[in-house]
Q: 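There's a structure below that I have some questions on.
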Amino acid sequence: METQRKFIVPIGPQHPALKEPGHFQFTVDGEIVTDASVRLGYVHRGIEKGAENRNWTQNLYLFERICGICSHVHATALAIGVERLAGVQAPPRAQAIRILMAELERIHSHLLWLGVAAHEGGFDTLFMYSWRDREIVMDLLESLSGNRVNYSVNLIGGVKFDVEDKHRDAILRGLDTLEERTRHYLNVVTTDRTFLARTRGVGTMSRNQAELFGTVGPTARASGVARDVRVDAPYEAYTLFPVNLVTDEGGDLMARFVVRTKELFESYRLIREILDHLPSGELTVRVPRKIPAGETVSRVEAPRGELFYFIKSNGGEKPERIKVRTPSLCNWASVMQVAVGHKLADMPMILSGIDPCFSCNDRMVLINRGSSSQVWSWDELRRYGIEYYKKL
Amino acid sequence: MEFSPDTPWQKVLDAVRRWARINSPWAIHYNSGSCNGCDIEILATLTPRYDLERFGVKLQGSPRHADILICTGPVTRQSRERLLRIYEQMPDPKFVVAVGSCGLSGGAFRGCYNIVGDISEVVPVDVFIPGCPPRPEAIIFGMVKLLESLKKGKAEVATVSEGAHA
Ligand code: SF4
């Protein structure tokens, strides 16, 4: 029977080490993946609908909790949009603090990803090291905002706290250490032989494909697509502090590692510049409780790519409609295409390559071979991948 | 040989088992609809600075090997069934730790249409760790509380409010 050699590998929604649940199905012919699909929605909470029952300020906190990793950019996108509807603008100092936090958040997110992706490749040493170093930036975020995750920096019309001299010194000191460590990581991801065996030439996506699939963020930039909202449509203080785009022509997993690592350097540079030229002045402006009727679109660059908000107000205290499109969703389509033709053993790495806001896929794997079926967990798939490459 | 709860052998076996469980509880982590915030803090708890493994707690993949279910987030309609299934697959005795305000009450998401409720509405919870997200220290504190109560031979419901803002 022909079907004897074809089986489907569903990876169920639950994973030990990482973050959100998702469900994938890979159709496999021998070792090669011939089809892939994804089912999302295990963490669908109904936030967009819920927003309609909360007032603008409450929504700031709700939307921050869409994602604990890029919480600040969500709140920023909402705040920018609402401010535009209200016809006000946050004061320059508040704008600078917003992007300062955004860059700190990018650092924590990229380091987190570096560790998680390395873990999927069986490189746990890098996982532990990068997470240890991530604590430096977590401390900075905490000293600034008082919370390690979900910092609640934004208010509608400004920010909640100021950056003082003591913070400044702590940040500069932290950045020095991080920069040194990042140089080391860049060296590891570009020269380590075992690591390159898992990343070089794997999951390659040409520029054309990247554009076709509508990828965003570092995933697109690793395929040579120059796309970054901070550069294309600078918002807030990014007009004062321009960003240098980091791209790579490689398009494979290695390029994605390189682009994200190099973006860390760019963030360090940017933060230093912001701290040197922090505008003085107020932190907030007054915003009316009722936002004038109207619609607006607000785009910001999250660590994973373009984050898009559509906001509609009917002139009341509550929004009429808020629609969010997150970067990971844009990148999923590309993964499902790129996966085809690759080995099953490469799947954990390819999936984590786009930095799905969702790494904690504590998943179940079920292999149906003819009538016999076998249950696997994501952990076992990961181990399978690692063992597979050990043999080579 | 006869095994009844009263035979000396059984008592010795129980003691050994409890000793093993307290010294190396295996945990499984499930996200039933959280925002990731709690999950990355749980992960941070396992990494070098906080190092939960020094208490023998090991995170691993299969519910069938787990003693403790660490659960985050409010329970969404889709994940409710999964959560129950994971809980049922775990061997007895099993313990549930709910991490984060969402797991306690639904948190910021309370009232959203796709939320069934908090974790204790779906499975019995032994330890609640509040915070949004709880600090890694609070998570460690909660786990230690659970281990302590196991030492006493029973799992009392413990709320770790003292540790939340430590
Ligand atoms: S308690 Fe807070 S950090 Fe944890 S899942 Fe809920 S919203 Fe996210």
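Only heavy atoms go into these numbers, but all of them, side chains included; no hydrogens, no water, no symmetry mates.
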Q: So which part of A:His108 gets closer than 4.5 Å to some heavy atom of chain B, the side chain, the backbone, both or neither?
A: side chain
Q: Which pairs with one or both residues in residues 52-76 of chain A pass salt bridge (Lys or Arg N to Asp or Glu O under 4.0 Å), sequence neighbours excluded?
A: A:Lys49-A:Glu52
Q: Is it the case that the side chains of A:Asn147 and A:Ser152 hold a donor-acceptor pair, with the cut-off being a distance below 3.5 Å and no angle test?
A: no
Q: Once the angle between the rings of A:Phe127 and A:His119 is folded into 0 to 90°, is it parallel (under 30°), tilted (30 to 60°) or perpendicular (over 60°)?
A: tilted
Q: Determine which pairs satisfy salt bridge (Lys or Arg N to Asp or Glu O under 4.0 Å) with at least one residue from residues 137-155 of chain A, sequence neighbours left out, and list them in order.
A: A:Glu135-A:Arg148, A:Asp139-B:Arg49, A:Glu142-B:Arg135, A:Arg148-B:Glu41
Q: Could you tell me which portion of B:Cys102 (side chain, backbone, both or neither) has an atom closer than 4.5 angstrom to a non-hydrogen atom of chain A?
A: neither
Q: B:Arg80 versus chain A, heavy atoms under 4.5 Å apart: side chain, backbone, both or neither?
A: neither
Q: Would you mind telling me which of B:Cys132, B:Pro136, B:Pro74 has the largest number of heavy-atom pairs within less than 4.5 Å of chain A?
A: B:Cys132
